[in-house]
Amino acid sequence: MKLTMVGTGYVGLVTGTCLANIGNHVACLDVDQAKIDGLNHGQVPIYEPGLDELVIRNHKSGRLSFTTDITAAYQSAEAIFICVGTPSQADGHADLKYVMAAAEQIGKAIEAAPGQHGGLDPSDDDLPKIIVVKSTVPVGTNARVRAMIQSQTNKPFRMASNPEFLKEGAAINDFNKPDRVVIGAEDKQTGERLHELYETFVRQGNPIYVMDIPSAEMVKYASNCMLATKISFINEVAALCEAFGADIEQVRLGMCADKRIGNQFLYPGLGFGGSCFPKDVLASVNMGQVTITPADLLRAVYEVNQRTRYRFISKIDQHYESNYANRKFAIWGLAFKPRTDDMRQAPSVTIIEHLLDNRAEVVAYDPVASEAAQRTFGNRITYTDEAIDALDGVDALIICTEWDEFRHPDFDEMRNRMKHPVIFDGRNLYRPTQVVEQGFAYYSVGRRAIRPSAQPQT
Ligand SMILES: NC(=O)c1ccc[n+]([C@@H]2O[C@H](COP(=O)([O-])OP(=O)(O)OC[C@H]3O[C@@H](n4cnc5c(N)ncnc54)[C@H](O)[C@@H]3O)[C@@H](O)[C@H]2O)c1
């Protein structure tokens, strides 16, 4: 098929690349000229394992192109996938301005094209274009997109919802081997055309569900809200464990052995971040408000998540009695989770801003996110190329992201480099006894803080 991705971010670029890789001709459109220029020169704007190689290979083959030319991208496509951002507005509603702007441009391009269905060539566009909303949007948005396109053209087109479930850090694998594909279609033929497009990815038997559009829109929010709920749940239990002297790691084991509960997404830490969970939970709360169907559980999920970060910060405050003058901290991990350089809503940002507000010095290490972090912090913090170098002369190490390379560090060298051997571990990477035997004071999540008896007061 000839396809166009509107928006060449995480979702648009991964979707476009994977669909080109199975033989489709895909144009990735973006309004960001620098991003498109970079991609045309082989520069992939995000860190995503395996993506560079696939982008370059498919671009060379001619199946994957990058453009800012709206007219050509829309008029040549049989299906147009809207993959633009849907960030939170100040009140938590999903901001649909990028989606609606794309819809307006699509309507105009269809109207201006010579073909009866908005195509470039009147002779070969025998089917109406499918406009697929892949962005995560509140229920009812597809209907608004249809109305916007119809306000620009009388030519026929079809609408579909196709929410995306890829995880940053494993996006290629998730797209190529999805647990499920969800397609909301307004008619049978549209559902079948999209079903056919995705069949290659489910050869191992995973399902493609074709359903009505509002249900497909809802599946995405319901899925992300469920995952976010699990994270807030375990963080709330971790807080109770700290209050009552229980150990969350033991509790997890005992609890997760129950097959009805399982062990996925039940790790205590600094709470969820990234570009999806916080905004999707908020958008769901707001969907409830609009329809006077209060989403009280989800409101609590969001609030627990915010509290989780500040509970961790309060451990650092208490250790230093909120006196950060002349203190220097190392941060290991900046991205909101491992295997990505995405800093959106990363817990590290809240923690670092708190330290900077209190005039502490911060030196940070992340295997891939330093460049992205520079856009947030500029030169207010410094960065190192190796984790160990961030520790020179610091009062404490704060672990914000669970990159694998932090799991088995050389504690002797760490202690020698640090001014004071103190670790605040927001991801429970170590066994407390192991760290304390190495002479560190150790604060983690849902477990008692431990100081070695010979630990000098800092
Ligand atoms: N990032 C994820 O892991 C993920 C996973 C599943 C679903 N989603 C959803 O997918 C959507 C996109 O997320 P993302 O992370 O890829 O966003 P992103 O911010 O990385 O990319 C969006 C891109 O759209 C471009 N854009 C905006 N308006 C445009 C227009 N009119 N024409 C062309 N390009 C335009 C922007 O320049 C940007 O490059 C969101 O709704 C998000 O919730 C994201």
Side-chain angles (χ1 to χ4, degrees), residues 4-18 27-39 44-49 51 66-74 77 80-89 93-109 131-138 141-142 145 148-149 161-175 178-179 181-182 216-217 219-221 223-225 227-228 272-284 335-337 339-346 372 375:
T4 287
M5 302 297 131
V6 191
T8 308
Y10 282 85
V11 169
L13 185 56
V14 170
T15 303
T17 304
C18 292
C28 287
L29 172 73
D30 208 286
V31 289
D32 184 339
Q33 185 70 54
K35 189 182 267 190
I36 294 301
D37 289 347
L39 281 160
V44 176
I46 50 173
Y47 174 82
E48 189 57 52
L51 182 61
F66 303 104
T67 183
T68 55
D69 183 341
I70 290 174
T71 308
Y74 289 146
I80 298 170
F81 288 71
I82 298 180
C83 308
V84 298
T86 47
S88 284
Q89 289 177 321
H93 279 94
D95 188 344
L96 298 177
K97 68 171 178 276
Y98 303 110
V99 172
M100 297 315 288
E104 187 177 0
Q105 290 161 350
I106 291 167
K108 287 193 163 100
I131 315 304
V132 186
V133 178
K134 206 165 193 30
S135 300
T136 303
V137 291
T141 302
N142 272 251
V145 169
M148 172 59 89
I149 298 174
S161 162
N162 172 220
E164 180 50 56
F165 301 98
L166 63 78
K167 297 185 289 295
E168 287 180 22
I172 301 292
N173 191 56
D174 286 349
F175 195 91
D179 292 335
V181 174
V182 171
E217 290 174 325
V219 169
K220 176 62 189 177
Y221 280 118
S223 304
N224 274 2
C225 287
L227 295 171
F272 52 80
S275 68
C276 292
F277 287 2
K279 83 168 170 62
D280 293 348
V281 171
L282 275 182
S284 302
F336 86 93
K337 69 174 187 175
R339 293 174 289 283
T340 179
D341 60 354
D342 198 340
M343 292 288 300
R344 291 178 283 186
Q345 299 281 323
R375 292 195 284 276

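Just follow the structure's listing: the first ligand is 1, and inside any ligand the first atom is 1.
- Residues K220 and E164 share a closest heavy-atom pair of NZ-O, 2.7 Å.
- Taking CG from L29 and OG1 from T68, the interatomic distance works out to 7.5 Å, rounded to the nearest 0.5 Å.
- Heavy-atom contacts of S275 reach the following atoms of ligand 1: 1 (N) (cutoff under 4.0 Å).
- Under a 4.0 Å heavy-atom criterion, A101 is not in contact with ligand 1.
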What's the verdict on side chain to side chain donor-acceptor pair (under 3.5 Å) for S161 and E217, showing C-alpha distance, side-chain angles and the deciding distance? CA-CA 7 Å; S161 162; E217 290 174 325; 5.3 Å; no
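- For the pair L13/P45, a side-chain contact is recorded, criterion being any heavy-atom separation below 4.5 Å from C-beta on.
- The G85 neighbourhood of ligand 1 comprises atoms 22 (C), with distances under 4.0 Å to a heavy atom of that residue.
- Among Q105, K279, E48, the residue whose heavy atom lies nearest to atom 31 (N) of ligand 1 is Q105.
- Within the structure, the closest approach of M5 to ligand 1 does not fall below 4.0 Å when heavy atoms are considered.
- The protein heavy atom nearest to atom 24 (O) of ligand 1 is G7 CA, 3.3 Å.
- When the heavy atoms of L96, D30, T340, I82 are ranked by distance to atom 37 (O) of ligand 1, first place goes to D30.
- Counting protein heavy atoms only, atom 30 (C) of ligand 1 is closest to V31 CG1, 3.6 Å.
- Counting protein heavy atoms only, atom 9 (C) of ligand 1 is closest to T136 OG1, 3.4 Å.
- Across all their heavy atoms, C18 and I172 have their closest contact at SG-CD1, 4.1 Å.
- Checking only distances, T86 does come within under 3.5 Å of ligand 1, N or O to N or O.
- Here the straight-line distance linking atom CG of D179 with atom CZ of F165 works out to 9.5 Å at 0.5 Å rounding.
- Taking only non-hydrogen atoms, the option from V84, T67, T4 nearest to atom 27 (C) of ligand 1 is V84.
- Between L282 and P278 the shortest side-chain heavy-atom distance does not fall below 4.5 Å.
- The nearest heavy-atom contact from the protein to atom 6 (C) of ligand 1 is E164 O, 3.2 Å.
- Residue-ligand proximity: K220 is placed with a non-hydrogen atom under 4.0 Å from ligand 1.
- Within the 4.0 Å heavy-atom criterion, neither part of I70 lies near ligand 1.
- Taking distance alone, with nitrogen or oxygen atoms compared against 3.5 Å, K134 stays at or beyond that limit from ligand 1.
- Residue contacts with ligand 1 for K35 involve side-chain atoms from C-beta outward but no N, CA, C or O (heavy atoms, distance under 4.0 Å).
- Looking at atom 16 (O) of ligand 1, its nearest protein heavy atom turns out to be V11 N, 2.9 Å.
- Taking every heavy atom of both residues into account, Y74 and A102 meet most closely at OH-O, 4.1 Å.
- Of the candidates I46, N224, V6, V6 brings a heavy atom nearest to atom 33 (C) of ligand 1.
- Ligand 1 has no nitrogen or oxygen under 3.5 angstrom from a nitrogen or oxygen of D280.
- To the nearest 0.5 Å, atoms OG1 (T141) and CG (L96) are separated by 4.5 Å.
- Atom 5 (C) of ligand 1 has L166 O, 3.6 Å as its closest protein atom, hydrogens excluded (heavy atom only).
- By the 4.5 Å heavy-atom criterion applied to side chains, S135 and V11 are not counted as neighbours.
- For ligand 1, one of its N or O atoms has an N or O atom of Y10 under 3.5 Å away.
- Across all their heavy atoms, R344 and F336 have their closest contact at O-CB, 4.0 Å.
- Within the 4.0 Å heavy-atom criterion, neither part of A171 lies near ligand 1.
- Closest of all the heavy-atom pairs between T340 and A335 is O-CB, 3.2 Å.
- Residues Y98 and P87 are in side-chain contact: their nearest non-hydrogen atoms beyond the backbone lie under 4.5 Å apart.
- Of the protein's non-hydrogen atoms, E168 OE2, 3.4 Å is the one closest to atom 2 (C) of ligand 1.
- For atom 21 (O) of ligand 1, the closest non-hydrogen atom of the protein is G9 CA, 3.2 Å.
- With a 4.0 Å cut-off on non-hydrogen atoms, R344 touches ligand 1 through its side chain and not its backbone.
- The side-chain heavy atoms of P163 and Y221, taken from C-beta on, include no pair separated by under 4.5 Å.
- D342 is not listed as a side-chain neighbour of I46, based on a closest heavy-atom distance of 4.5 Å or more.
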